[in-house]
Amino acid sequence: MEKLTASFSLVGKIATDDYVGFTFFVGCMAMMAASAFFFLSMNSYDRKWRTSILVSGLITFIAAVHYWYMRDYWAANAESPTFFRYVDWILTVPLMCVEFFLILKVAGAKKALMWKLIILSVIMLVFGYFGEAVDRDNAWLWGLLSGAAYFVIVYEIWLGSAKKLAESAGGAVLSAHKMLCWFVLVGWAIYPVGYMAGTPGWYEGIFGGISMDVIYNIGDAINKIGFGLVVYNLAVTATAKAEA
Ligand SMILES: *C/C=C(C)/C=C/C=C(C)/C=C/C1=C(C)CCCC1(C)C
């Protein structure tokens with residue numbers, strides 16, 4: 001019956017104080033615009049950066065498609081689109097790990113580093129999904145396990161082999177690597193806050209008032225578009241230097 005009423009109007013109503021719905025809409029447009037920007041600028045740069053910018057565009061494009069669905073899902077059900085959220089993350093977060101590998105390739109990064117980061121990110125997300133969707137009563141435990149994988153990623157890029165490669169590359173690659181490291185340390189830390197706001201646990205009182213989806217949506221916009229812009233900036237700087 002609900003479906004029937006909804007189908008009478010083409011566009012459902014959105015309350016003016018529906019901040020979740022608002023951030024899904026704006027997020028969707030921002031991801032689309034960013035994708036157009038990355039795809040169209042791709043061929044202006046030195047060959048070796050093209051794949052990196054292509055991946056930046058793929059990250060925001062995959063997110064744009066999922067935001068399209070999440071926006072609809074929220075409008076129809078007023079419920080967190082947990083499934084679409086995690087499908088999006090399981091595709092885009094490993095691609096962000098690929099970005100680290102791609103920019104460090106000039107310093108001789110091996111595929112093993114890429115796979116290590118990808119596997120850690122998948123572990124982080126699968127544990128998070130268990131806490132949010134499968135075993136909510138033990139959300140704190142899944143969150144903790146997920147957080148452990150997150151810390152290993154942070155260690156690997158800030159202090160581990162990825163850092164050594166970035167240092168041996170130096171120049172624009174090193175500063176781009178550092179920026180991406182900051183995104184992972186500070187930008188990605190937004191997600192555990194969203195998780196704590198949206199799952200039951202001892203921490204409920206701390207973040208309980210804020211909407212999990214608003215926090216996740218802000219995190220996605222900052223991280224996905226921000227990551228892409230760092231890579232874009234690297235391509236611009238390095239190409240300009242090569243032509244000078
Ligand atoms: C574009 C999407 C991105 C960058 C998503 C990143 C997601 C995370 C870093 C999620 C991390 C989580 C924890 C560290 C603990 C609680 C569970 C998660 C999955 C929310």
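Atoms within each ligand, like the ligands themselves, are counted from 1 in listed order.
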Original post:
Just by modelled atom types, is the Trp89 backbone N or O under 3.5 Å from a matching donor or acceptor in the His66 side chain?
Top reply: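 Pair absent, no side-chain N/O of His66 close to backbone of Trp89.
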**OP:** Give a yes or no on whether the backbone of Tyr129 and the side-chain of Glu132 come within a donor-acceptor separation of less than 3.5 Å.
**Re:**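 Side chain of Glu132 to backbone of Tyr129, a donor-acceptor pair under 3.5 Å: no, none is there.
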Can you list the atoms of ligand 1 that are under 4.0 Å from a heavy atom of [X]?
X      : answer
Val93  : 2 (C), 3 (C), 4 (C), 5 (C), 6 (C)
Trp188 : 4 (C), 9 (C)
Gly143 : 15 (C)
Asp220 : 1 (C), 2 (C)
Lys224 : 1 (C), 2 (C), 3 (C)
Pro192 : 14 (C)
Tyr195 : 16 (C), 17 (C), 20 (C)
Tyr86  : 19 (C)

**OP:** Among Thr23, Asn217, Asp88, find the one that has a side-chain hydrogen bond (donor to acceptor under 3.5 Å, both in side chains) with Tyr67.
**Re:**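 It is Asn217, the one option of Thr23, Asn217, Asp88 that forms the side-chain hydrogen bond (donor to acceptor under 3.5 Å, both in side chains) with Tyr67.
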Original post:
With backbone taken as N, CA, C and O and side chain as the heavy atoms from C-beta onward, which portion of Glu132 lies under 4.0 Å from ligand 1: side chain, backbone, both, or neither?
Top reply: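 The answer is neither; Glu132 stays 4.0 Å or more away.
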Subject >> Phe151 and ligand 1 - part of the residue with a heavy-atom distance under 4.0 Å >> reply: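 Contact part for Phe151 vs ligand 1: neither.
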Original post:
Applying a strict 4.0 Å limit to heavy atoms, is Phe183 in contact with ligand 1?
Top reply: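 Contact check Phe183 vs ligand 1: negative.
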Original post:
Got the closest protein heavy atom to atom 9 (C) of ligand 1, with its distance?
Top reply: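 The answer is Met124 CE, 3.4 Å.
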**OP:** Among all protein heavy atoms, pick the one closest to atom 12 (C) of ligand 1 and tell me residue, atom and distance.
**Re:**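 Ranking protein heavy atoms by distance from atom 12 (C) of ligand 1, first comes Ser146 OG, 3.5 Å.
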Subject >> Candidate with minimal heavy-atom separation from atom 7 (C) of ligand 1, of Phe130, Tyr216, Tyr191 >> reply: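 Residue with the shortest heavy-atom distance to the ligand atom: Tyr191.
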Original post:
Taking NZ, NE, NH1 and NH2 as the nitrogens, is one of them in Lys241 or Asp46 under 4.0 Å from a carboxylate oxygen of the other?
Top reply: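 Salt bridge: no.
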Subject >> From CZ (Phe61) to CG (Leu95), nearest 0.5 Å >> reply: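 So the gap between those two atoms works out to 13.0 Å.
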Original post:
Are Trp188 and Tyr191 near enough that their ring centres are under 6.0 Å apart?
Top reply: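 No, too far apart.
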Original post:
So, Phe37 versus Tyr232, ring centres under 6.0 angstrom or not?
Top reply: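 They qualify: ring centres under 6.0 Å apart.
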Original post:
So, for Gly131 and Ala139, which heavy atoms are closest and what is the spacing to 0.1 Å?
Top reply: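 Scanning both residues completely, I find the closest heavy atoms to be O-CB, 3.7 Å.
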Subject >> Tyr73 and its side-chain contact (heavy atoms from CB on, under 4.5 Å) partner, picked from Phe24, Phe83, Trp68, Phe84 >> reply: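 The single option meeting the side-chain contact (heavy atoms from CB on, under 4.5 Å) with Tyr73 is Phe84.
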